[in-house]
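Residue numbering restarts at 1 for every chain, and letters A, B, ... go by the order of the sequence lines.
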Amino acid sequence: MIQGAALILLCQLAGEAVAHGTGLPLPGPVLGMILLLLLLLLNDTLPRPADTGFLAPAADGLLTNLSLLFIPAGVGVVGRLDVIQAYGLGLAVALVASTIIGLVATALTFAAVARLLRQEAEA
Amino acid sequence: MSGASDALGDFGLWVYLSRTPLLWLTVTLMAYVVADRISAAIGRHPLANTVLIAVALAAGMLAATGTPYRTYFEGAQFVHFLIGPATVALALPLYRNRHTVWRAILPMGAALLVGALAAMISALLIARAFGIPAPVLAALAPKSVTAGVAMGIAEGMGGDPALAAVLVLITGAIGAVTVTPLMNALGLRDMRARGFAAGLAAHGLGTARAFHVNHVAGTFAGIALALNALVTAILAPIVLRALL
């Protein structure tokens, strides 16, 4: 658990350092994710790969409770709903409609290209 | 005399507790536990989103006790901090499903471009039609991207980063609530496509929802979240300039 948490934080730290050092438009945690993925893939190419099972408790623990992590930011938004009210209906319509359009366009494009390539759907 | 000081003593205890991180951290976790029970009790209906219920409970507590958000956040920050490590942890499901992911590289690339542009352009056109001013449009353009990135993008284009964060979270809530009924209505059963759409249009909240539904969906949502952060950072300034 702690070993996994340490590796995750190390990757995030490296990601933050790169993001701030280079001014890349990607946030540190996303760079950290890419770094951790590369480490896992590289490990597989070693003649004797290290056992990475220690990552699972920390990583799965965070991901199964991902919803919890958005509560503090969500509570903050409740206090700032006045900024939305100022632009009223227009902003509300734009948010709802564009989110639905984005969801539908993404899913249909994915499914259409997968069908063109005759890929099986995975449940 | 002693009664008065007892009353003051009780009040003093409240003043003390309400200023420590412990109280509001506990409230945040309790709100999540209760919200999760409520969501389970109504059969995980997509409208009964755990985050929304928990936010309503915690915000209600703040309003009822007259507690400022700053005080609340001193406790809640320990939970908020974990968004970063959780983002890094997305690498693990990505690695476990690497063969599935690699096979879907072409559908993902196409869906990424079409979806990112569709979400951004439709939002900007509708808002512009309602006469919403340019600085607000700059905060609206990156709304489908994870909050930290969206704030940076908005600021770079002359928008208010705080407003961008609010719009991002509302978008996430709309996406998390609508994605399941929407995909069912379309008859789409491919969990890769459903998850990818949730992560692209509704970032972390969509990804959290996708992990509740299915592991493959969650994995593809995580990939979409990361890729869209990159694509929108590049495309938002170009699209905004073209539309203004």
Side-chain angles (χ1 to χ4, degrees), chain A residues 8-9 11-12 25-30 32-33 36-37 40-41 55-56 58-59 62-64 66-80 83-84 87 89-91 93-111 113-114 117 119 121-123, chain B residues 28 32 50-51 54-55 58-59 69 76 79-80 82-92 94-95 106-107 110-111 114-115 118-119 122-123 126-127 130 132 144 148-149 163 166 169-171 174-175 178-179 182 188 190-194 196-197 200-201 205 208 211 216 226 229-230 233:
Chain A
I8 288 170
L9 286 182
C11 288
Q12 189 183 349
L26 277 181
V30 170
M33 171 176 101
L36 182 55
L37 180 64
L40 288 168
L41 292 173
L55 253 180
L62 282 168
L63 291 176
T64 41
L66 201 52
S67 297
L68 165 70
L69 313 187
F70 291 97
I71 296 170
V75 174
V77 169
V78 172
R80 290 293 313 264
V83 292
I84 303 303
Y87 302 103
L89 190 64
L91 216 43
V93 173
L95 285 175
V96 173
S98 68
T99 306
I100 290 173
I101 290 169
L103 283 170
V104 171
T106 308
L108 289 184
T109 306
F110 191 113
V113 175
L117 300 170
Q119 287 188 350
E122 276 167 65
Chain B
T28 304
Y32 179 69
T50 311
V51 183
V55 165
Y69 183 67
V79 170
H80 181 75
L82 293 174
I83 291 178
T87 307
V88 177
L90 285 169
L92 191 61
L94 198 52
Y95 169 76
L106 285 175
V114 173
S122 62
I126 294 168
F130 275 93
I132 286 170
S144 284
V149 184
L163 177 59
V166 172
L169 280 155
I170 293 174
T171 298
I174 296 168
T178 56
V179 60
L182 211 53
L188 250 176
D190 189 338
M191 279 300 161
R192 302 172 304 170
R194 293 173 67 128
F196 197 79
L200 185 137
L205 283 163
F211 269 111
V216 172
L230 181 66

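- Your options are A/V96, A/L95, A/V104, and the one with the most heavy-atom pairs under 4.5 Å with chain B is A/L95.
- Contact of B/S144 with chain A is not made at all, since no heavy-atom distance falls under 4.5 Å.
- Side-chain contact between B/L188 and A/L108 is present, with heavy atoms from C-beta onward closer than 4.5 Å.
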> When you look at A/L68 and B/T50, which way does the side chain to side chain contact (heavy atoms under 4.5 Å, CB included) test go after all the steps?
Replying inline: CA-CA 8 Å; A/L68 165 70; B/T50 311; over 6 Å; no
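- Taking both residues in full, the closest heavy atoms of B/I132 and A/G90 are given as CD1-C, 3.8 Å, listed atom of the first, atom of the second, then distance.
- The candidate from B/A119, B/A110, B/A127, B/A54 with the greatest count of non-hydrogen atom pairs under 4.5 Å with chain A is B/A119.
- For chain A, the nearby part of B/F130 is the side chain; its heavy atoms alone come within less than 4.5 Å.
- The parts of A/A56 that come within reach of chain B are both its backbone and its side chain, each placing non-hydrogen atoms under 4.5 angstrom from that chain.
- Taking each heavy atom of A/P29 and B/G84 in turn, the nearest pair found is CB-O, 3.7 Å.
- Both the backbone and the side chain of B/L205 come within contact range of chain A, with heavy atoms under 4.5 Å apart.
- The two residues B/L90 and A/M33 come nearest to each other via the heavy atoms CB-SD, 3.5 Å.
- Only the side chain of B/F211 comes within contact range of chain A, with heavy atoms under 4.5 Å apart.
- The shortest distance between side-chain heavy atoms of A/L40 and B/L92 falls below 4.5 Å.
- With a 4.5 angstrom heavy-atom cutoff, B/Y69 touches chain A only via side-chain atoms.
- Taking the side chain as every heavy atom from C-beta outward, B/L106 and A/L117 approach each other to under 4.5 Å.
- When all heavy atoms of A/V77 and B/L169 are compared, the pair lying nearest together is CG2-CD1, 3.3 Å.
- When heavy atoms are compared at a cutoff of 4.5 Å, A/L9 approaches chain B solely by way of its side chain, counted from C-beta outward.
- The two residues A/L69 and B/L82 have their closest heavy-atom pair at CD1-O, 3.5 Å.
- Using a 4.5 Å cut-off between heavy atoms, A/V78 contacts chain B through its side chain alone, with no backbone atom that close.
- In terms of heavy-atom pairs under 4.5 Å with chain A, the best-connected choice from B/A58, B/A118, B/A111, B/G115 is B/A111.
- Your options are A/A97, A/A94, A/A111, and the one with the most heavy-atom pairs under 4.5 Å with chain B is A/A94.
- Using a 4.5 Å cut-off between heavy atoms, B/I83 contacts chain A through both its backbone and its side chain.
- Taking every heavy atom of both residues into account, A/L66 and B/A86 meet most closely at CD1-CB, 3.7 Å.
- Screening B/L182, B/T171, B/V179 for a side chain to side chain contact (heavy atoms under 4.5 Å, CB included) involving A/T99 leaves a single residue, B/T171.
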